[in-house]
Chemist: 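Handing you a structure now.
So that the names make sense, note that chain A is the first sequence line, chain B the second, and so on, each numbered from 1.
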Amino acid sequence: MFSDRHRPLKIILIIVIILAICLYSHSIGQAETTAGDYVRSPERYENSRLFIKMWGNVLKTGHGYFDISIDDEEFRIYDEIPGIQEGDMVTGEFIFHSNRSLDIVRMHVHKYRDVKLVLSLAAAAAVLLLLWRTYRLNSSGMVLEERRCPD
Amino acid sequence: MPGLATHVLAAYLVRGAAGIRPLALFLLGTMLPDILSRPLFFVIPGLYWFTKPFHSVFVAVLVCLLFSYFFPEEGRRQAFKILLAGALLHLFLDLLQISIYPGYRWFFPFSAYSFSLGLFWPEEALLALPFLALASLILRLRSNRRKAL
């Protein structure tokens, strides 16, 4: 399995399998209900549970309510969450009402998203630098050879 | 996800305890589930479901196998093991966090079964960063001192 025999073929085969799995996953995802489905058929989904699958964004906050965007659809939540601000990212489970309002079942406001993103990029850059210091690409065989082991 | 910085520092500490070498390969493995998925669906949110399998065990194995083919034949098996150890550490850390929907589907898209231990919210892992950084620094200093002796 780890030999050089048919190496290009093995690489192509693995890429094809991964892409096939990802495409299958994509097709499954397309079949899932989105917030848009709730908005297009409000009577059908009245009092149904609506989950944020990726993330929702807080668009506006006011006294006793705030608006969020889920899958590019706007909803109003009549509730007060301490510290919630425009631009915050939220995930949660809600009860949908046909007037495009939601009741919170469970909701979480993900704070410090920008900090997390910057730190993640810094960590990725540091690891890529370490990889570059550790390996060099042998262009003839498309193989990473160890320069030295800095650790 | 707890954030790449947390993943990388945790991997650095685990690697120190387990003596895994080379470090760069282990850290690459621990980043793979995120660097192959997040940039894609942050830029194109429609690819969310397309990238979801990168956080499943089966695809993690395939990705590590794929990357291992870019290492010399004699060290390929070892490279695969180190990459996979890093990727599994990543998935283990993700297992610890709270997720409302759909949770972590470990065998997606072949199974919708999801499971997480729900110990902390993803951004709460940031609180652990200073401690992880300090522990990593102590480990590095001890390692340097041992080398100097």
Side-chain angles (χ1 to χ4, degrees), chain A residues 1-4 7-8 10-11 14-15 17-18 21-30 32 51-55 71-72 91-93 106-108 110-113 115-124 126-128 130-135 137-138 141-146 149-151, chain B residues 1-9 11 15 21-25 27-28 30-31 34-35 38 41-42 45-54 56 58-59 62-63 65-73 75-77 79-80 98-102 108-110 112 121-123 125-126 129 143:
Chain A
M1 189 160 99
F2 293 101
S3 72
D4 268 341
R7 179 173 163 259
K10 288 174 188 170
I11 290 173
I14 295 167
I15 291 172
I17 294 171
I18 293 171
I21 293 170
C22 290
L23 285 170
Y24 177 53
S25 168
H26 186 69
S27 69
I28 289 174
Q30 294 303 303
E32 296 237 349
F51 286 91
I52 296 179
K53 285 159 192 167
M54 275 195 289
W55 60 77
D71 303 335
D72 295 327
T91 51
E93 177 186 356
R106 287 182 296 165
M107 193 185 92
H108 182 70
H110 296 266
K111 292 278 188 186
Y112 314 117
R113 190 166 168 72
V115 176
K116 210 173 125 180
L117 185 66
V118 169
L119 289 172
S120 292
L121 288 173
V127 173
L128 290 177
L130 184 63
L131 272 168
W132 182 77
R133 284 181 61 202
T134 311
Y135 297 101
L137 188 68
N138 172 347
M142 281 296 284
V143 165
L144 291 163
E145 291 173 340
E146 208 164 322
C149 207
D151 51 311
Chain B
M1 64 161 183
L4 264 188
T6 314
H7 278 299
V8 167
L9 284 175
R15 171 260 178 195
R21 285 169 70 94
L23 170 67
L25 205 53
L27 296 186
L28 174 66
T30 212
M31 290 203 317
D34 278 351
I35 58 170
R38 307 285 166 180
F41 86 76
F42 276 138
L47 290 179
Y48 172 74
W49 290 101
F50 183 85
T51 60
K52 199 142 186 67
F54 287 109
S56 72
F58 185 59
V59 172
L62 284 174
V63 165
L65 189 60
L66 175 65
F67 273 70
S68 73
Y69 279 108
F70 293 93
F71 289 88
E73 186 179 10
R76 191 167 294 151
R77 186 185 295 271
F80 169 71
I98 305 167
S99 179
I100 295 180
Y101 183 90
F108 195 77
F110 305 110
W121 289 103
E123 69 278 6
L126 285 173
L129 263 182
S143 164

Chemist: Would A/Lys53 and A/Asp71 pass as an ion pair if we require N to O under 4.0 Å?
Modeler: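 No.
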Chemist: What residue in B/Leu27, B/Leu28, B/Leu66 has the most heavy-atom pairs under 4.5 Å with chain A?
Modeler: B/Leu66
Chemist: Considering non-hydrogen atoms only, spot the tightest contact between B/Glu73 and A/Asp4 and give its length.
Modeler: OE2-N, 3.1 Å
Chemist: Side chain from CB out, backbone as N, CA, C, O: work out which of these in B/Leu129 comes under 4.5 Å of a heavy atom of chain A, or both, or neither.
Modeler: side chain
Chemist: How about B/Phe70 and A/Leu137: do any of their side-chain heavy atoms sit closer than 4.5 Å?
Modeler: no
Chemist: Of the listed residues (B/Phe58, B/Phe71, B/Phe50, B/Phe54), which shares the most heavy-atom pairs with chain A below a 4.5 Å separation?
Modeler: B/Phe50
Chemist: Using a 4.5 angstrom heavy-atom cutoff, name the option from A/Gly29, A/Ser27, A/Ser25 with the most pairs to chain B.
Modeler: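 The candidate making the most pairs under 4.5 Å is A/Ser25.
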Chemist: Hey, which of A/Arg113, A/Lys111, A/Lys116, A/His108 is the one that makes side-chain hydrogen bond (donor to acceptor under 3.5 Å, both in side chains) with B/Glu123?
Modeler: A/His108
Chemist: Between A/Ala122 and chain B, with a heavy-atom cut-off of 4.5 Å, which part of the residue counts as in contact: side chain, backbone, both or neither?
Modeler: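 Looking at A/Ala122, nothing touches chain B.
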Chemist: Can you name the nearest heavy-atom pair linking B/Pro72 to A/Leu144, along with the distance?
Modeler: CD-O, 3.2 Å
Chemist: Which bit of A/Trp55 comes within less than 4.5 Å of chain B, counting heavy atoms only: side chain, backbone, both or neither?
Modeler: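 Contact with chain B: side chain only.
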Chemist: For chain B, which of A/Ala126, A/Cys22, A/Ala123 has the most heavy-atom pairs under 4.5 Å?
Modeler: A/Cys22
Chemist: Quick one: closest heavy-atom pair of A/Ser3 and B/Arg76, and the distance?
Modeler: O-NH1, 3.1 Å
Chemist: Tell me, side chain or backbone of A/Ile11 under 4.5 Å from chain B's heavy atoms, or both, or neither?
Modeler: both
Chemist: With respect to chain B, which residue among A/Glu93, A/Glu32, A/Met107 yields the maximal number of heavy-atom pairs within a distance under 4.5 Å?
Modeler: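 Looking at each of A/Glu93, A/Glu32, A/Met107 in turn, A/Glu32 comes out on top.
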Chemist: Minimum heavy-atom separation for A/Asn138 to A/Glu145, with atom names?
Modeler: ND2-OE2, 3.0 Å
